[in-house]
Amino acid sequence: MSRGWKMALSGGLRCCRRVLSWVPVLVIVLVVLWSYYAYVFELCLVTVLSPAEKVIYLILYHAIFVFFAWTYWKSIFTLPQQPNQKFHLSYTDKERYENEERPEVQKQMLIDMAKKLPVYTRTGSGAVRFCDRCHLIKPDRCHHCSVCAMCVLKMDHHCPWVNNCIGFSNYKFFLQFLAYSVLYCLYIATTVFSYFIKYWRGELPSVRSKFHVLFLLFVACMFFVSLVILFGYHCWLVSRNKTTLEAFCTPVFTSGPEKNGFNLGFIKNIQQVFGDNKKFWLIPIGSSPGDGHSFPMRSMNESQNPLLANEERWEDNEDDNRDYPEVSSSLAVETET
């Protein structure tokens with residue numbers, strides 16, 4: 001009987017956790033809906049007197065708003081991609097692995113299995129990266145998210161503001177969401193500022209719209225500052241072809257730790273996220289190359305282009321002379337195990 005109660009309680013807690021995980025998203029949606037009302041109705045239709053200015057403001061605002069909402073939707077509802085079946089242990093291998101009590105034998109079993117897979121990264125101790133929860137050998141750059149309870153290909157971080165794990169399948173959409181969020185806040189702040197000054201000086205009547213306009217500028221500036229920092233950090237990551245997890249924990253390859261192991265050069269690094277076709281870079285349509293299970297590595301490209309080796313030494317010297325940027329834990333939550 002007590003076991004049944006424990007199972008029911010555990011199920012209830014999981015249900016509450018899933019519901020509460022949508023609270024940050026609900027907060028963002030409510031703020032955006034209010035900003036839409038305040039800008040379109042209280043500013044453009046009530047406060048702005050010039051018809052031409054109204055039209056221009058509304059057209060530009062809705063153009064930015066559509067891309068902002070579109071990318072946010074894609075960031076939330078694009079499911080994280082998981083490793084395919086060939087990385088999972090077969091039933092027989094799983095039984096053999098779990099029944100084996102000697103750690104050194106288990107380690108050798110994983111090494112033998114990994115030889116058949118395109119896996120080049122290792123744990124800090126040099127062992128094959130194995131997830132004992134999903135029972136699979138982790139592909140390169142794949143990590144287990146404790147919030148989503150699954151392994152995610154090219155995991156970057158788990159973001160509470162989209163209630164989703166950011167990885168190979170939606171990292172492009174997340175970056176676009178940050179970019180359009182910054183543009184959205186900047187556009188609101190710049191177009192509202194002149195009317196903020198007019199209200200402040202008493203040049204406009206003190207009506208209900210005054211408080212919406214004043215608060216709109218404050219909220220836009222507040223979000224702009226936090227978003228531009230986060231967006232700048234992720235731009236730096238993209239330029240180095242790193243994930244947030246790799247920036248804080250250097251990936252280990254079969255040859256040893258290498259912080260620039262996936263750095264292919266600035267242009268190719270950008271293409272690893274946005275694809276080769278530039279006309280898709282600003283549109284939230286999947287265009288990232290590959291399948292998320294394997295990635296080109298610097299060591300494999302150096303033989304084809306010796307300049308990469310010289311560039312790496314230059315970058316190492318540059319990194320030694322400055323600190324890595326940090327990301328606030330309130331904006332991005334890393335949950336790797």
Side-chain angles (χ1 to χ4, degrees), residues 80-84 86-89 97 103-104 106-145 151-157 166-168 171 234 236-273 288-320 324 334-337:
Q81 192 170 337
Q82 302 178 62
N84 60 32
K86 73 176 182 180
F87 288 87
H88 289 74
L89 298 189
Y97 181 83
E104 63 277 6
Q106 287 183 323
K107 182 178 179 179
Q108 186 59 45
M109 289 172 62
L110 293 178
I111 292 175
D112 294 337
M113 297 175 196
K115 290 178 180 179
K116 307 173 186 177
L117 300 170
V119 175
Y120 302 97
T121 53
R122 296 291 186 263
T123 64
S125 61
V128 173
R129 299 170 63 244
F130 176 73
C131 180
D132 55 2
R133 298 183 183 182
C134 301
H135 299 103
L136 58 82
I137 294 175
K138 296 179 184 178
D140 294 343
R141 316 185 83 175
C142 174
H143 299 276
H144 185 90
C145 177
C151 284
V152 178
L153 294 179
K154 196 185 176 185
M155 179 179 172
D156 187 86
H157 69 283
I166 305 302
F168 175 77
Y171 186 59
H234 278 279
W236 176 81
L237 290 176
V238 171
S239 70
R240 299 299 182 89
N241 198 7
K242 291 184 178 183
T243 64
T244 300
L245 293 174
E246 290 166 356
F248 284 91
C249 185
T250 300
V252 179
F253 295 84
T254 52
S255 58
E258 177 52 68
K259 64 181 178 180
N260 291 316
F262 296 105
N263 191 344
L264 308 176
F266 182 75
I267 299 298
K268 289 185 178 180
N269 290 343
I270 295 176
Q271 292 173 342
Q272 282 294 298
V273 176
S288 300
D291 60 1
H293 292 83
S294 60
F295 301 89
M297 293 179 292
R298 189 183 191 94
S299 59
M300 292 184 176
N301 284 271
E302 284 179 357
S303 58
Q304 302 174 1
N305 185 3
L307 290 177
L308 286 174
N310 295 330
E311 181 183 348
E312 179 178 335
R313 285 194 292 269
W314 180 83
E315 287 177 345
D316 288 343
N317 293 333
E318 182 186 61
D319 291 339
D320 291 339
Y324 284 102
E334 288 77 35
T335 52
E336 180 212 349
T337 59

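The figures that follow rest on heavy atoms only: side chains count, while hydrogens, waters and symmetry mates do not. Numbers here simply count residues along the sequence, with the first being 1.
R141 CZ to D156 CG: the interatomic distance, rounded to the nearest 0.5 Å, is 9.5 Å. Here T250 contributes atom OG1 and E258 contributes atom CD; the two are 8.5 Å apart, rounded to the nearest 0.5 Å. For the atom pair F87 CZ and C142 SG, the distance stands at 8.5 Å (nearest 0.5 Å). In this structure, CG on L153 lies 10.0 Å from OG on S294, to the nearest 0.5 angstrom. Atom-to-atom distance recorded for S255:OG and Y120:OH is 12.0 Å, nearest 0.5 angstrom. Between the CE atom in M113 and the CD atom in Q108 there is a gap of 10.5 Å [rounded to 0.5 Å].
Two residues are said to be in side-chain contact when any heavy atoms from C-beta on lie closer than 4.5 Å; V252 and T123 fail this criterion. In this structure the side chain of L237 reaches within 4.5 angstrom of the side chain of Y171, judged on heavy atoms. Side-chain contact check for T244 versus H234: some heavy-atom pair is nearer than 4.5 Å.
R129 contributes a side-chain N or O that, together with a main-chain N or O of P139, makes up a donor-acceptor pair within less than 3.5 Å. Between the side chain of H88 and the backbone N or O of N84 there is at least one donor-acceptor pair closer than 3.5 Å. In this structure a side-chain-to-backbone donor-acceptor pair under 3.5 Å is missing from E246 to G261.
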Requested in this report: Could you check Q82 against V152 for side-chain contact (heavy atoms from CB on, under 4.5 Å), going step by step and ending with a plain yes or no?
Outcome: CA-CA 5 Å; Q82 302 178 62; V152 178; 5.9 Å; no

Query raised in the report: Do T121 and M297 pass the side-chain contact (heavy atoms from CB on, under 4.5 Å) test, and can you show the C-alpha distance, the side-chain angles, and the key distance before you say yes or no?
Result: CA-CA 11 Å; T121 53; M297 293 179 292; 5.8 Å; no

Query raised in the report: Please walk me through it: do H157 and H143 pass side-chain contact (heavy atoms from CB on, under 4.5 Å)?
Result: CA-CA 10 Å; H157 69 283; H143 299 276; over 6 Å; no

Report task. Run the numbers on L110 and K107 for side-chain contact (heavy atoms from CB on, under 4.5 Å), then give the verdict. Result -> CA-CA 5 Å; L110 293 178; K107 182 178 179 179; 6.0 Å; no

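Using modelled atom types and a 3.5 Å distance limit, the side chains of S239 and N269 yield no donor-acceptor pair.
In terms of heavy atoms, N263 sits closest to N241 at CA-CB, 4.3 Å. K242 and N260 get closest at one heavy-atom pair: CE-OD1, 4.1 Å. Heavy atoms only, all atoms of each residue included: D140 and P118 are closest at OD2-O, 3.9 Å. Shortest non-hydrogen contact noted between W236 and A247 is CZ3-CB, 4.3 Å. Minimum interatomic distance between M155 and L245 (heavy atoms only, all atoms of both residues): O-CD1, 3.8 Å. Shown here for Q272 and P289, the closest heavy-atom pair between the two residues is O-CD, 3.5 Å.
For D112, the salt bridge (Lys or Arg N to Asp or Glu O under 4.0 Å) test picks out K115, with sequence neighbours left out.
Using a 30° and 60° split on the angle between ring planes, F130 and Y97 fall in the tilted class, from 30° to 60°.
In summary, the aromatic rings of F253 and F262 are positioned with their centroids under 6.0 Å apart.
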